[in-house]
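The analysis underlying the following values was restricted to heavy atoms, covering all of them including side chains, and did not include hydrogens, waters or symmetry mates.
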Amino acid sequence: MQSHMPKVVTRFAPSPTGFLHIGGARTALYNWLFARRHGGSFLLRIEDTDRARSTDAAIDAIISGMKWLGLDWDGDAVSQFDQAARLRSVTEELLAKGAAYKCYATSEETAALRAQARENGAVFLGDMWRDREPDADTASQPYSIRIKMPREGKTTIDDQVQGAVTVQNGTLDDMIILRSDGTPTYMLAVVVDDYDMGVTHVIRGDDHLNNAFRQAQIYNAMNWDIPIYAHIPLIHGADGKKLSKRHGALGVDAYAEMGFLPAAMRNYLLRLGWSHGDDEIITTEQAIEWFGLENVGRGPARFDFDKLDSLNAHYLRQMNPANILPLIENELENTIETKLSDTERNRILRALPSIVERAKRLPDIVEAARLYCSATSMPVTEKAAGMLIGKGSMIQAVAIELEAVTTWSSEVIKAAIMSFAQARDLKMGEVMQPTRAAITRGAPSGDLVDLLEILGQKEALSRLGDQADA
RNA sequence: GGUCCCUUCGUCUAGUGGCCUAGGACGCUGCCCUUUCACGGCGGAAACACGGGUUCGAGUCCCGUAGGGAUCACCA
């Protein structure tokens with residue numbers, strides 16, 4: 001960065017009408033990364049100009065989603081609604097400059113004209129009152145305020161992702177900037193707020209690309225510098241269709257509940273639409289170092305759970321067992337319907353490195369960890385039950401063999417089982433399979449001898465005893 | 001329908017005119033390892049939407065076609 005360049009300021013401006021969905025999360029991530037990359041600041045602004053649809057619950061959901069993802073913002077989250085007075089004064093200024101005008105058309109009238117324009121394949125410009133003075137009667141009626149768009153020439157935006165995009169000014173509609181109830185619309189609010197907050201780079205979904213041209217006219221009318229734009233493609237569902245609340249869009253809280261790690265989520269979202277050569281596993285530190293708008297893809301990407309799973313599995317394996325346990329504790333205790341004892345806790349801690357090898361999401365770990373709890377209520381799967389038919393006496397014999405073990409270590413346990421098999425002229429597998437079924441009751445697990453060791457002699461013998469009459 | 005955008009394996013992508021016999025990752029799959037399930041190791045199948053140009057040479061540039069997407073609110 002050149003020293004004379006202004007400090008980078010980005011922002012994430014969600015509307016509080018629902019949860020923080022996956023597309024918004026990625027937008028937030030890119031803004032955050034870009035700001036951190038350039039030593040700038042990243043702001044959070046709640047776009048609540050639509051009071052009727054904004055809720056406090058949604059604001060909470062957005063904030064907790066951001067925190068879960070590990071995206072911290074500078075300063076306090078700003079409410080757009082709080083700027084209402086400022087926005088009205090900007091409107092006054094626009095009016096005084098002749099860059100905006102009062103429109104007395106009713107919603108019904110406007111809708112009819114719009115429908116008609118569309119039918120004729122024409123652009124609806126909303127200019128019913130652009131060059132018209134109200135009579136005394138009309139002047140007392142409620143009015144909204146529309147911006148007066150230029151009709152000649154064209155506007156080009158040098159988008160950092162999409163490239164240079166040009167639009168004829170004649171296709172721009174005189175949009176409403178102040179509603180007839182005196183409240184500002186989003187179109188006015190974003191511009192003024194971005195300007196007031198000193199936002200230098202506007203990184204947002206490309207559903208806003210068309211808006212950029214309209215908003216640019218407000219900047220021009222106010223004689224403000226237009227920020228640098230970067231419109232990133234949207235995220236689609238696995239079927240290629242747009243992700244919407246009705247169609248597969250989930251809040252980040254839902255991903256948290258499914259057992260994904262924030263680190264995996266960040267890596268996945270980062271890579272979905274952005275790349276750094278062939279790199280796949282990218283830590284947040286590296287991402288901050290490498291992130292740039294020039295490497296953002298231009299086409300929409302589909303969401304793929306398989307890839308997220310594999311990334312999650314990767315990050316799970318990187319974690320320290322002591323840090324994983326707290327993440328699964330509650331779920332596990334709900335499953336076994338009792339508090340975890342210290343013995344169980346220790347067994348799980350020892351088993352975690354191997355459990356994590358075959359887990360993709362947190363619930364997989366909960367399920368596997370259950371094997372290390374002393375609960376005797378563990379159900380026996382059909383497959384395991386089949387494996388145990390007629391093997392009762394052998395299980396009992398194995399139990400007797402293991403009861404004789406004085407030093408409960410995996411080496412000794414394994415030696416005991418091997419000599420047991422040898423003495424009876426059985427293959428290892430013939431002994432191990434039923435023994436495994438008796439110990440795990442069919443639940444997937446890793447190395448059986450290691451499991452036996454961690455379980456402890458008492459628990460192991462108890463489980464074998466339970467199945468000795470099969 | 002108008003306007004704007006996009007188009008490399010099933011998916012995410014590398015690729016910025018010759019290094020491409022198109023690379024990586026996930027998924028799928030063969031073999032090996034193995035007491036189960038996994039992990040892992042070594043392989044495999046799998047893509048430049050189509051048609052025209054420009055050029056000595058095109059996945060890379062231009063045009064067209066097709067397909068996909070976004071947007072067209074007193075929502076954001």
Side-chain angles (χ1 to χ4, degrees), chain A residues 13-17 47-50 52-54 80 103 105-107 110-111 114 117-124 126 142-146 159 161-163 165-168 171-173 175-181 183-187 189-190 205-214 231 233-234 236 238 240-242 268 271-281 294-295 297-311 313 317 354-359 368 383-384 387 414 417 421 427-433 435-437 440 442-449:
Chain A
S15 65
T17 53
E47 219 90 306
D48 55 355
T49 44
D50 183 351
R53 302 202 312 165
S54 299
Q80 197 163 52
C103 171
T106 62
S107 302
T110 310
R114 195 192 329 275
R118 184 167 181 154
E119 205 169 306
N120 299 335
V123 183
F124 174 68
Y143 58 86
S144 58
I145 293 178
R146 288 180 183 270
D159 193 274
V161 172
Q162 308 292 342
V165 185
T166 302
V167 124
Q168 296 300 318
T171 66
L172 268 20
D173 68 311
M175 65 195 178
I176 290 177
I177 55 174
L178 202 74
R179 302 186 184 97
S180 53
D181 66 359
T183 60
T185 62
Y186 161 81
M187 285 295 175
V190 244
D206 75 4
D207 50 337
H208 283 289
L209 183 55
N210 292 296
N211 290 336
F213 296 95
R214 311 210 283 162
H231 289 93
L234 269 20
H236 287 180
K241 297 263 172 59
K242 183 194 177 187
Y268 179 71
R271 200 58 194 64
L272 189 66
W274 177 85
S275 61
H276 183 265
D278 283 338
D279 293 311
E280 296 288 345
I281 301 293
E294 62 281 0
N295 296 316
R298 261 147 299 182
R302 298 186 189 201
F303 194 89
D304 179 13
F305 272 105
D306 283 331
K307 193 143 183 177
L308 211 207
D309 269 334
S310 86
L311 241 16
R317 279 177 231 143
S354 91
I355 288 179
V356 123
E357 284 297 310
R358 65 217 80 212
K383 196 178 169 191
M387 202 104 69
K414 183 157 195 176
I417 294 175
K427 287 183 191 165
M428 267 302 261
E430 292 178 281
V431 181
M432 293 299 247
Q433 301 275 12
T435 303
R436 171 183 293 280
T440 68
S445 71
D447 185 274
L448 181 59
V449 175

Exercise. So what does A:Ala122 touch, heavy atoms closer than 4.0 Å: a base, only the sugar-phosphate, or nothing?
Worked result: nothing

Exercise. At under 4.0 Å between heavy atoms, what does A:Ala105 touch on the DNA or RNA strands: base, sugar-phosphate, or nothing?
Worked result: base

Problem set entry | Distance between P atoms of B:G43 and B:G24 (Å, rounded) | 11 Å

Exercise. Heavy atoms under 4.0 Å, any strand shown: does A:Leu272 hit a base, just sugar-phosphate, or nothing?
Worked result: sugar-phosphate

For this session: Taking only the side-chain nitrogens and oxygens of A:Thr49, find out if one of them lies under 4.0 Å from OP1 or OP2 of B:A76.
Result: yes

Exercise. Below 3.5 Å, does any donor atom in the side chain of A:Arg358 face an acceptor in the base of B:C39, or the other way round?
Worked result: no

Problem set entry | Pairing partner (Watson-Crick or G-U wobble, both distances under 3.5 angstrom) of B:A25 | B:U11

For this session: Would you classify A:Gly446 as touching base, sugar-phosphate or nothing, given that sugar-phosphate means primed atoms plus P, OP1 and OP2, and contacts are heavy atoms under 4.0 Å?
Result: base

Exercise. Given that both distances must come in under 3.5 Å, which nucleotide forms a Watson-Crick or G-U wobble pair with B:A73?
Worked result: none

Mind listing the N/O atom pairs, protein and nucleotides 64-66 of chain B, below 3.5 Å?
none

Exercise. Expressed as a whole number of Å, how far does the C1' atom of B:G41 sit from that of B:C33?
Worked result: 8 Å

Exercise. If you look at every strand shown and take non-hydrogen atoms under 4.0 Å, does A:Met187 touch a base, only sugar-phosphate, or nothing?
Worked result: base

Exercise. What does A:Asn211 touch in the nucleic acid at a heavy-atom separation under 4.0 angstrom: a base, only the sugar-phosphate, or nothing?
Worked result: base

For this session: For A:His231, report the nucleic acid contact type (base, sugar-phosphate, nothing); a contact means any heavy atom under 4.0 Å.
Result: nothing

For this session: Check the distance between B:C72's P and A:Glu119's CD and give it to me in whole angstrom.
Result: 20 Å

Problem set entry | Gap in Å between the two P atoms, one belonging to B:G67 and one to B:G53, rounded | 23 Å

Exercise. Side-chain donor or acceptor of A:Ser180 under 3.5 Å from a matching atom on the base of B:C74?
Worked result: yes

Exercise. Is A:Leu209 touching bases, backbone alone, or none of the nucleic acid, heavy atoms closer than 4.0 Å?
Worked result: sugar-phosphate

For this session: Describe the nucleic acid contact of A:Asp447 in one word from base, sugar-phosphate, nothing, applying a heavy-atom distance below 4.0 Å.
Result: base

Problem set entry | Distance, C1' atom - from B:G44 to B:G27, rounded to whole angstrom | 14 Å

Exercise. Taking the same atom, P, in B:G40 and in B:U8, what whole-Å distance lies between them?
Worked result: 29 Å

Problem set entry | Rounded distance in Å between the P positions of B:U34 and B:A47 | 36 Å

For this session: Would you please confirm or rule out a distance under 4.0 Å between OP1 or OP2 of B:A14 and any side-chain N or O of A:Ser275?
Result: yes

Exercise. When A:Ile176 is tested against each of A:Thr110, A:Thr185, A:Ile145 for side chain to side chain contact (heavy atoms under 4.5 Å, CB included), which residue passes?
Worked result: A:Thr185

Seminar exercise, completed: Comparing A:Ser15 with A:Val161, nearest RNA chain B nucleotide closer to 5' gives the residue A:Val161

Problem set entry | Nucleotide B:C4, atom C1' - distance to CG of A:Leu234 in whole Å | 14 Å

Using a cut-off of under 3.5 Å, enumerate the N/O to N/O pairs linking the protein to nucleotides 42-44 of chain B.
none

Problem set entry | Nearest listed nucleotide, side chain of A:Pro444, among B:U13, B:C74, B:C37 | B:C37

Exercise. When we call it a touch if two heavy atoms are under 4.0 Å apart, what does A:Thr183 touch: a base, just sugar-phosphate, or nothing?
Worked result: nothing

Each nucleotide N or O in nucleotides 25-32 of chain B that has a protein N or O under 3.5 Å away: list the pair and distance.
residue	atom	partner	partner atom	Å
B:A25	O4'	A:Glu280	OE2	3.4
B:A25	N3	A:Lys307	NZ	2.9
B:C26	O2'	A:Asp306	O	3.4
B:C26	O2'	A:Lys307	N	3.3

Problem set entry | Under-3.5 Å donor-acceptor pair between A:Arg436 side chain and B:U36 base | yes

Exercise. Given the side-chain rings of A:Phe303 and A:Tyr268, with only the six-membered ring counted for Trp, is the space between their centroids under 6.0 Å?
Worked result: yes

Exercise. If you take atom types as modelled and just measure distance, does the side chain of A:Arg118 reach the base of B:G2 with a donor-acceptor pair under 3.5 Å?
Worked result: no

